[in-house]
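Presented below is the structure to which this report refers.
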Amino acid sequence: MKWWQNAVIYQIYPRSFKDSNGDGIGDILGIISRLDYLEELGIDAIWLSPVYASPNDDNGYDISDYQAIHPDFGTMADMDRLIEEAKSRDIRIVMDLVVNHTSDEHQWFVEAKKSKDNAYRDYYVWRDPVKGGPPNDLTSTFSGSAWEYDEKTKQYYLHLFSKKQPDLNWENEAVRQAVYDMMNFWLDKGIGGFRMDVIDLIGKIPDEGVTGNGPKLHEYLKEMHQETLKGRDVMTVGETWGATPETAKLYSDPEREELSMVFQFEHMQLDEQPGGMKWDLKELDLTELKKVLSKWQVELKDSGWNSLFWNNHDLPRIVSRFGNDTTYRVESAKLFAILLHLMKGTPYIYQGEEIGMTNRKIESIDEVDDIESINMYTERLEKGYSKDELIHAINTKGRDNARTPMQWSGEDQAGFTTGTPWLPVQSNYKDINVEAALSNKDSIFYMYKKLIQLRKDDPLIVWGDYELLLPGHSSIFAYKRSYQGRTWLVAANMSEQEERLELDEDEKTAKVIASNYEKEEIDLERAILQPFEAFAVELSK
Ligand code: NOJ
């Protein structure tokens with residue numbers, strides 16, 4: 001077994017985790033000061049969102065030097081200390097690898113822009129204008145054309161994200177080698193691996209409009225593996241928005257020597273209109289969620305590996321999204337924990353999820369920091385959308401929702417900073433904070449802690465077969481896990497009404513493994529699930 005197969009990974013968005021010097025921005029020393037907390041939670045690794053030098057057009061996902069730490073976050077010495085201090089607590093640091101693009105302030109791009117014959121020109125994707133305009137109609141994820149005209153050299157360069165994030169040209173062997181050297185620099189420091197930003201885009205063929213899953217993608221990943229990862233006990237997770245179970249197996253089948261696993265996003269796209277964008281909202285149909293998550297469980301049963309997550313720094317918080325963040329906040333937060341953490345794969349917890357932090361509500365675009373939301377707002381306003389519907393979409397799906405400062409205590413600024421936080425702390429911090437969670441044995445935190453420990457203790461969670469029950473039920477999500485003659489039943493009522501659980505089981509009562517209604521035994525013949533009730537039980541033979 002690999003260490004990451006029974007591991008739980010905790011994502012830190014460093015700007016918002018813990019500020020140690022009062023400048024309102026979280027930093028590495030802040031993270032170090034909270035490692036004991038993470039050790040108490042029981043996680044095995046931290047996925048650290050970017051801490052590299054960056055002009056912060058996209059909060060660090062626009063890197064100007066891969067081998068330097070942004071002064072807002074600290075120094076390389078702080079980083080080395082973080083790796084050491086984490087290691088002494090058996091926690092590994094998984095770095096964010098953002099190599100589909102750099103910042104336009106990266107030295108490579110600064111050079112590339114100088115002239116068409118500059119040695120770095122071919123590090124990026126340049127094309128001549130077509131009919132006086134961009135080479136084609138590729139669009140950027142952050143709105144508008146994916147091509148930006150450079151006056152000086154009279155060519156366009158490609159940027160699938162902001163124009164300050166020029167895409168690297170992976171066809172160029174020198175680019176690939178430079179990336180591998182940089183990866184080895186970090187691996188030699190003893191990090192635990194990489195989370196690879198939009199890695200499915202590196203094989204793009206922009207002239208044919210192909211962005212994701214290009215023909216040479218797997219060839220590059222195999223080469224990367226040979227040049228950097230091979231022989232090292234590290235994990236990798238690729239961010240792949242377009243992954244299907246078939247492609248996920250290509251990435252994560254160990255025989256192929258590419259990645260450990262990928263993040264698939266099918267379950268995160270069910271509340272948008274088919275063919276639309278994330279902003280085109282739609283109610284979640286629970287039967288679809290069950291179908292998608294179960295499909296991944298079953299299809300990656302024998303080869304490949306699943307990652308399991310509800311949240312990250314790009315997604316709204318799950319308790320506000322598919323749960324209830326008022327009356328049933330605690331119940332629904334625990335429900336999502338139970339449902340996900342008893343599946344097969346490697347679970348990820350996004351900072352604050354373990355205390356049930358909620359989405360942020362704004363009233364005006366002036367309160368928004370995130371480039372994606374701001375660009376979308378400007379573009380759609382011009383197209384005639386109303387301000388109200390756009391603010392509603394941002395409140396529902398915007399990335400700032402999950403980026404508000406971590407709520408550590410009931411003190412000023414939730415104990416995140418002694419200064420003014422870069423993004424306001426949410427007003428509910430007096431009730432929802434780490435200190436309160438730690439002092440209440442029934443808190444969401446302790447449910448997460450328990451589930452993390454269970455994964456260590458019971459191979460059924462790591463290896464057991466998965467079977468979805470009641471696929472057509474519109475409120476109950478129930479499944480079984482079975483391993484070496486033992487079976488667990490997990491059942492969750494995702495509605496605000498009581499629901500009767502009608503199963504074909506022989507057992508009458510079953511012993512509870514985890515429950516968000518503090519039950520010790522469930523009478524399976526007469527099980528009524530309370531609003532947002534979830535439990536896991538062992539079925540006796
Ligand atoms: C995915 C990252 O998670 C997101 O935050 C970023 O904006 C894009 N990739 C571009 O790097």
Side-chain angles (χ1 to χ4, degrees), residues 9-17 26 46-66 70 94-106 109 124-125 138-144 146 148 157-168 170 179 194-204 211-213 217 236-243 259 261-265 268-269 277-279 307 309-317 348-351 353 368-376 394 397-404 422-423:
I9 300 177
Y10 187 91
Q11 183 192 354
I12 290 185
Y13 192 68
R15 290 184 83 70
S16 299
F17 191 63
I46 292 168
W47 152 23
L48 185 61
S49 277
V51 288
Y52 313 97
S54 163
N56 279 329
D57 192 50
D58 184 20
N59 282 356
Y61 283 90
D62 47 321
I63 297 170
S64 52
D65 185 344
Y66 292 103
H70 194 298
V94 172
M95 299 296 281
D96 216 310
L97 183 78
V98 188
V99 290
N100 172 67
H101 44 269
T102 67
S103 161
D104 64 339
E105 297 181 32
H106 193 291
F109 193 73
Y124 296 87
V125 183
L138 266 184
T139 53
S140 151
T141 303
F142 295 159
S143 306
E148 180 71 9
Y157 66 86
L158 179 72
H159 61 92
L160 293 176
F161 295 89
S162 106
K163 63 182 181 203
K164 284 185 67 62
Q165 292 167 298
D167 276 56
L168 282 166
W170 273 73
V179 168
F194 292 108
R195 173 268 184 185
M196 302 188 182
D197 193 68
V198 288
I199 201 69
D200 57 344
L201 303 183
I202 62 173
K204 67 188 86 77
T211 53
N213 212 20
L217 169 63
T236 48
V237 53
E239 186 201 21
T240 54
W241 278 81
L259 306 177
M261 65 192 104
V262 292
F263 290 130
Q264 64 82 17
F265 289 88
M268 294 280 97
Q269 293 169 314
M277 295 177 71
K278 70 185 229 179
W279 308 111
S307 65
F309 67 97
W310 293 121
N311 303 270
N312 67 30
H313 65 294
D314 294 329
L315 302 169
R317 292 199 176 268
Y348 290 74
I349 299 170
Y350 176 67
Q351 67 185 41
E353 177 184 340
V368 178
D369 174 85
D370 176 32
I371 181 170
E372 184 190 44
S373 294
I374 294 171
N375 288 1
M376 176 284 286
I394 292 172
K397 287 290 192 65
R399 304 195 299 180
D400 284 350
N401 271 317
R403 295 180 177 183
T404 61
W422 72 279
L423 201 63

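FYI, the numbering just counts along the sequence from 1. Counting starts at 1 for both ligands and their atoms, in listed order.
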Between the main-chain N or O of H101 and the side-chain N or O of H106, is there a donor-acceptor pair closer than 3.5 Å? no
Test item: side-chain donor near acceptor, D104 and Y157, under 3.5 Å: no
Flag for D96-Y61: side-chain donor and acceptor within less than 3.5 Å: yes
Numbered atoms of ligand 1 (with element) below 4.0 Å of R399, judged on heavy atoms: 4 (C), 5 (O), 6 (C), 7 (O)
Protein heavy-atom partner closest to atom 9 (N) of ligand 1 - residue, atom, separation in Å: D197 OD1, 2.9 Å
What part of E372 sits under 4.0 Å from ligand 1 if we count only heavy atoms: the side chain, the backbone, both or neither? neither
Which residue supplies the protein heavy atom nearest to atom 3 (O) of ligand 1, what is that atom called, and how far is it? D314 OD2, 2.4 Å
K164/D62 salt bridge by N-O under 4.0 Å criterion: no
So which bit of F142 gets within less than 4.0 Å of ligand 1, heavy atoms only: side chain, backbone, both or neither? side chain
Going by the order shown, which atoms of ligand 1 are within less than 4.0 Å of some heavy atom of E239? 1 (C), 3 (O), 9 (N)
of all protein heavy atoms, closest to atom 6 (C) of ligand 1 is D58 OD2, 3.3 Å
At what distance, to the nearest 0.5 angstrom, does CG of D314 lie from CG of D370? 8.0 Å
Within ligand 1, which atoms have a heavy atom of R403 less than 4.0 Å away? 5 (O)
Answer with yes or no whether R195 contacts ligand 1, where contact means a heavy atom under 4.0 Å from a ligand atom. yes
Go through the side-chain N and O atoms of S49 and Q11 and say whether any donor and acceptor fall under 3.5 Å apart. yes
Does any non-hydrogen side-chain atom of I371 lie less than 4.5 Å from one of F161? no
So if I count the atoms of ligand 1 from 1 in the order they appear, which ones are less than 4.0 Å from some heavy atom of H101? 10 (C), 11 (O)
